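Since we're looking at a predicted model, the values are computed, not measured. Below, chain A is the first sequence line, B the second, and so on; all start at residue 1.
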Number of protein chains: 2
Amino acid sequence: MLHDPPSKPERSFEIVARRIAAMIQASYRIGQRLPAERDLAKTFGVSRPTVREAILSLAMAGMLKVRSNSGVYVISRQEAPDVHKLEGFGPFENLEARQLIEPQIAAIAAQRGTEAIFAQLAEALAMMRWEHAQGREADTSDHRFHMVLAEATGNGALVSISDSLWRAQTESGIWQEIHNHMQMEDYRPMWRRDHEAIFEAVQARNPRKASLAMTRHLNNIRDALMEASKAKSMAKSTATTKPTISRGKIR
Amino acid sequence: MLHDPPSKPERSFEIVARRIAAMIQASYRIGQRLPAERDLAKTFGVSRPTVREAILSLAMAGMLKVRSNSGVYVISRQEAPDVHKLEGFGPFENLEARQLIEPQIAAIAAQRGTEAIFAQLAEALAMMRWEHAQGREADTSDHRFHMVLAEATGNGALVSISDSLWRAQTESGIWQEIHNHMQMEDYRPMWRRDHEAIFEAVQARNPRKASLAMTRHLNNIRDALMEASKAKSMAKSTATTKPTISRGKIR
DNA sequence: AGTCCAAATTGGTCAGACCAGCTTGGCTTT
DNA sequence: AAAGCCAAGCTGGTCTGACCAATTTGGACT
């Protein structure tokens, strides 16, 4: 086979992948089977391994589906907007997810909560007061409060999700920055009141009230986050460019 | 090289990809170069094309970066999927979590959905119909439908959670059992109607309707699951053997 | 007409080879 | 001795041809 002496900015499987994608968009329907790899190789004038790499890349992009010993099938006529790159979502996305989930967790906790749960919540609250009285942040007890609430649902999946969101939040660089650059002391009474309201509603077995209290709490967090991020953006607005490697992707 | 006579649930490049990923997480830093393809092939006891496919898949997943004539470099230590590893709870817990989250996702999707999203949803639906017409299950298109819906929210955290829940569900042994022991054909028209109702509500930009449609859909799934688990418990509930994970798609 | 089995088809994998560009280390030159 | 230069070697990129196993299919047999 001949090569292109002038320039090879791309690996050839990328070219083939684009041609296959174009072919599909032009004249294939969903579910339809593509020609065999051997035929595609002949059609495009490349070797089978190259065709395989192209197909693999389109399969990873959610456009094709390979069924062993059967064929390659179209499952979408357009490349999926990389499903995988949801690595680092911002704190606001994270918070929105919490806003969807945690109020409902609180409501369920109000229904299913046991005395043991209430005791643990009270404990977490007491610890929070103690830490604040010491002039420290109460991240640990805060985390624990939300976790106990999730555990009160008796649903492991919800606990796991809740924990993941919390961790993703506290581990995000922006969150850390805020902790460093803001006077968190001003917010502490609010956090405390929020948690107490949630606790009371749950203990009173009032799902609606619990849900609302949690919603208010998360709204307060959102407001604080917005204020902080606004204050921060004034400080240094540059360097916000994302030098992170623009992952692979077919150009 | 030896082959596995018993069963090959996965393509070997996937196994190699996982081993490479594990190797990186264990003892590689970002920016570090991997051994040459030839060496990796020797290390893992596979051929170079297989290693190439594994590397390509990890590159598409944003974990590696291939530089021609230089080497393969680590750009992220975590693979995109399994950000949250949700395991160890039953399908009912999983489903309850979905019942909390997905209706709200549908509502948001109805508000924020773009034409491109609608097109992708329509495609997933078309594929589902086609697969059913072929007498096959439509797991792939089903998954895709729910993922596109999550993506419509523009919230990566929600996409990630949604995906995790789905995977945890389909990979659970119980779910597989049900697929094998039940006449899924009877349910197909219902699944199809459910999805169509969701699609129509989202496209009509009616959040309330979308949310309700999704709730109905998940209720139907729950009912089917209960019936199946009831039927199964009569047969035999032991024998929770863990067969090699034949990922999805049966018959 | 229905059933069953074997051949054809197809993706999955392997082996070995050559090419072109990047890297490196030794050599020449200053 | 330091600086620049060039060739040998790595490394990924690609090709060829082959064999395997599972699926699919079509014809032979019942």
Between [X] ([atom1]) and [N] ([atom2]), how many Å, whole number?
X: B/R11; N: D/dA21; atom1: CZ; atom2: P; result: 18 Å
X: B/E37; N: C/dT13; atom1: CD; atom2: P; result: 16 Å
X: A/F13; N: D/dT14; atom1: CZ; atom2: P; result: 8 Å
X: A/R33; N: C/dT9; atom1: CZ; atom2: P; result: 11 Å

Once salt bridge (charged side-chain N to carboxylate O under 4.0 Å, His left out) is applied, do any residues pair with B/R205, and if so which ones, sequence neighbours excluded?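 By the salt bridge (charged side-chain N to carboxylate O under 4.0 Å, His left out) rule, B/R205 matches no residue at all.
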
Mind checking what makes salt bridge (charged side-chain N to carboxylate O under 4.0 Å, His left out) contact with A/E37, not counting sequence neighbours? A/R48, A/R52

The criterion is side-chain hydrogen bond (donor to acceptor under 3.5 Å, both in side chains); which residues satisfy it with B/T215, sequence neighbours excluded?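 Partners of B/T215 under the side-chain hydrogen bond (donor to acceptor under 3.5 Å, both in side chains) test: none.
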
Restricting to side-chain hydrogen bond (donor to acceptor under 3.5 Å, both in side chains), what partner residues turn up for B/S141, sequence neighbours left out?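 For B/S141, the residues satisfying side-chain hydrogen bond (donor to acceptor under 3.5 Å, both in side chains) (neighbours in sequence not counted) are B/E131.
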
Using only side-chain N and O atoms of [X], determine if any of them is under 4.0 Å from OP1 or OP2 of [N].
X: B/S47; N: C/dC14; value: yes
X: B/S68; N: D/dG13; value: yes
X: A/S12; N: D/dG13; value: no
X: A/R48; N: C/dT10; value: no

For B/D39 and for A/E53, locate the closest nucleotide of DNA chain D by heavy-atom distance; then report the residue assigned to the nucleotide nearer the 5' terminus.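 Looking at DNA chain D, the more 5' nearest nucleotide goes with B/D39.
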
Polar pair under 3.5 Å, donor/acceptor by atom type, side chain B/R38, base D/dG12: yes

Do the side chain of A/R52 and the base of C/dT13 come within less than 3.5 angstrom through a donor-acceptor pair of N or O atoms? no

Please identify each residue that fulfils ring-ring contact (aromatic ring centres under 6.0 Å, His included) with B/F145, with sequence neighbours left out. B/H195

Which angle, to the nearest 10 degrees, lies between the helix axes at the two ends of the helix from C/dA1-D/dT30 to C/dT30-D/dA1, each defined by five pairs?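 The two end axes of the helix from C/dA1-D/dT30 to C/dT30-D/dA1 meet at 10°.
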
